[in-house]
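Not measured: the values here are computed from a predicted model.
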Amino acid sequence: MKKSLFLSLIAAVAVLASCSKTLPQPEQIQVNPSPLEKVGDKINADITGTFPAKKFAKKGVLVVTPVLKYNNGQEAVGEPVTYVGESAKENGKTVNYKAGGKYSQHCAFNYVPEMKESELYLRFKATVGKKEIEIPDLKIADGVMATSELAKAEDNKPAVTPDKFQRIIQENTEADIRFLIQQANLRSSETGSADMKALQAAIKDAKENDRKEINKLEVSGYASPDGGMALNEKLAKNRQSASQKFLQQTLKKNKVNNTIEANITAEDWEGFQKAMENSNIQDKELVLRVLSMYSDPEEREAQIKNLSAVYKTIASEILPALRRSRLILTTDLIGKSDDEIRALAKNDPAQLNVEELLYAATLTDNNGEKMVIYTKAAELYGDYRAYNNMGELYFQDGNVAEARRCYAKALELQPNDPDVNYNAGVAAMADGDLDKAEAYLGKAAGTKADLNSALGTLYTMKGDYAAAKNAYGEKATNNAAVQQILNEDYAAARKTLDNVKEPNATTAYLKAVVAARTNDKANVFANLRNAVKQDASLKARAKADIEFSKFAEEDDFKAIVK
């Protein structure tokens, strides 16, 4: 929305008795942009005009200062520029008396919200020699468009770091029974081993513990990869059968009625390879190369046996451990019910582990109750997720300072977590700390939240609308529409706003802005009515918003904002 503002000479000129020359203010003034516009946290404008021929006194000095007047008497003062006549002794830009000259000046102000209702003036200090000349302030532009303010950090939802609670946790208890070469008979030294006793104890515990259930029992028989395939199949099956009978006796003793799954591996090449990889046997790389080169079991065995020196070590250190059966018990550990977790979270949270306590917060929709639970989790366990989720609740409640404190604590504990960095970045944005926000978001790759939308919001706030457009892509959000409006892509902004999933007062307000910029009076009023119906505070914004200056005197507009 850029336009030229042409002003004729208004102020009276001083006539010098000695030379009858005048010292004028510049004419045909143009301000770009006009109205002024907030970009990032600045207001920038370029002012141009002309000094007419035979008007600027040769000894004249004119100091021109841009001044933004706002909020009933407050002023922001820009950098002055000095113009001098061709015979003046002072320093400045020289204006030729006969030809006149060009006037140009850049002004910049730090934006504050009250500047939405403002006026840009030029202030003059004029002298010719020792004579001061009074020239009144000259108004050259109205107001500041601050539509970029409608891109809100709060529209980027924080990421909740979830618990890892599992209602059922599976536990495995394993034991091996080893056999002598080419044998399948059980030895008491094996059935009475520490691992077997632990397996039997786990079976008994699963039977007696109300929170445990046997999920699966497996017995697998193995033979080492030496000797013929037929012999090894028979050995593996016999080892499995003998071990299964022993396990059935344990089940019967504990009055457990469970099916046992049976498996055999006739030649345990997988176990052989793993054992070789974990060994310190000399030339083990040579043996592993043989395994990779040959897939046929007989060829493998023959090639390894050809390595006579190393094979003796293999036969004594590797193969005996492969002559075995493996017994595996899978037990389901059944966690507390939701009702139990709720009650303990309220009355005795120390009885819950950190995952259960974090899970308890998901069992209520009351943010106050959630806060109590997360606070207790932070106190008991110092878990970064508790601090992060506390920050998310504070952020929802509009307490950005406390949210930032919680995110900072979470980052002390887990500095590289992408979700916490994302949240810290969004909170920093909401606090106007854009450099810090950019640093946090730079560490948020991998977050479950919408990082691109947050970056789009950040770039919009910083005034980099091209980068914001790339970040948003095809996202249909209020913030994405703000960027499109600022890029003057009004067709895209309409489409985006029509596709916002959960339209709100800001959605309607932005539709009114698009309508105003495209001179669609009916939709300006219709959308503004919708906006203020949802959020009455928008009346004051609309009344002060220069986006609607063309409609400010319309009765419909006045009725909406009154």
Side-chain angles (χ1 to χ4, degrees), residues 2-37 42-112 114-144 546 549:
K2 298 177 180 178
K3 62 180 182 179
S4 298
L5 178 64
F6 294 97
L7 300 171
S8 60
L9 184 62
I10 297 173
V13 296
V15 181
L16 304 180
S18 59
C19 57
S20 298
K21 302 296 188 298
T22 63
L23 184 62
Q25 60 191 14
E27 297 180 351
Q28 293 186 309
I29 293 176
Q30 183 180 22
V31 181
N32 184 25
S34 181
L36 303 174
E37 184 175 357
K42 300 288 185 183
I43 300 167
N44 286 279
D46 291 303
I47 311 166
T48 57
T50 59
F51 291 107
K54 297 182 179 180
K55 294 282 185 168
F56 204 103
K58 292 183 178 182
K59 293 184 179 181
V61 177
L62 183 67
V63 180
V64 185
T65 304
V67 179
L68 191 64
K69 300 182 180 183
Y70 66 98
N71 201 29
N72 296 322
Q74 287 188 271
E75 294 182 347
V77 179
E79 290 293 323
V81 175
T82 301
Y83 289 87
V84 297
E86 54 194 279
S87 299
K89 296 179 180 179
E90 290 81 357
N91 294 323
K93 297 181 179 180
T94 302
V95 180
N96 183 271
Y97 169 71
K98 288 185 178 180
K102 292 183 178 180
Y103 158 73
S104 66
Q105 187 166 12
H106 178 79
C107 64
F109 307 100
N110 293 320
Y111 175 78
V112 294
E114 292 80 7
M115 289 178 178
K116 284 193 287 290
E117 290 186 276
S118 58
E119 296 173 321
L120 181 62
Y121 284 80
L122 295 182
R123 180 168 292 164
F124 307 99
K125 181 180 179 182
T127 58
V128 177
K130 296 181 180 180
K131 176 77 172 179
E132 288 190 9
I133 301 172
E134 291 287 336
I135 302 178
D137 290 355
L138 176 66
K139 178 181 170 182
I140 58 173
D142 280 309
V144 175
I546 202 166
S549 59

Test item: D142 and P35 side chains (from C-beta on) under 4.5 Å apart, heavy atoms: no
Heavy-atom donor-acceptor pair, E117 side chain to N71 backbone, under 3.5 Å: no
Heavy-atom side-chain proximity of K93 to V81 below 4.5 angstrom: yes
Over all atoms of both residues, closest heavy-atom pair of P66 and C107: CG-CB, 3.5 Å
Spacing of L138 atom CG and L122 atom CG [to the nearest 0.5 Å]: 5.5 Å
Nearest-0.5 Å distance that lies between atom OG1 in T50 and atom CD in E27: 5.5 Å
With sequence neighbours excluded, residues passing side-chain contact (heavy atoms from CB on, under 4.5 Å) with T48: Q30, S104
Straight-line distance of K58 NZ to T94 OG1, nearest 0.5 Å: 13.0 Å
Set of residues satisfying side-chain contact (heavy atoms from CB on, under 4.5 Å) with respect to V95, sequence neighbours excluded: F51, F56, Y83
Inter- and intrachain pairs under salt bridge (Lys or Arg N to Asp or Glu O under 4.0 Å), touching residues 64-76, at least two apart: K69-D137, E75-R123
Heavy-atom check, side chain of Y111 versus side chain of V144, under 4.5 Å: yes
Counterpart residues, side-chain contact (heavy atoms from CB on, under 4.5 Å), relative to A126 (two or more places apart): L23, L62, I133, I135
Residue pair P136 / F124, side-chain heavy-atom distance below 4.5 Å: no
Nearest non-hydrogen partners of S118 and Y70, listed with the distance: CB-CB, 3.7 Å
Partners meeting salt bridge (Lys or Arg N to Asp or Glu O under 4.0 Å) with E119 (sequence neighbours left out): K139
Candidate pair F109 and V67, rule side-chain contact (heavy atoms from CB on, under 4.5 Å), full reasoning: CA-CA 9 Å; F109 307 100; V67 179; over 6 Å; no
Distance, nearest 0.5 Å, that separates CG of D46 from CG of N32: 6.5 Å
V128 side chain reached by V61 side chain, heavy atoms, under 4.5 Å: no
More than 12 heavy atoms of other groups within 6.0 Å of K116 NZ: yes
N/O donor-acceptor pair under 3.5 Å between H106 side chain and I47 backbone: no
Heavy-atom check, side chain of M115 versus side chain of L68, under 4.5 Å: yes
All side-chain contact (heavy atoms from CB on, under 4.5 Å) counterparts of K42, not counting sequence neighbours: N44, N110
Test item: N91 and V84 side chains (from C-beta on) under 4.5 Å apart, heavy atoms: no
Closest non-hydrogen atom pair, A45 against P33: CA-CD, 4.2 Å
Considering all heavy atoms, the nearest T65-G78 contact: CG2-O, 3.5 Å
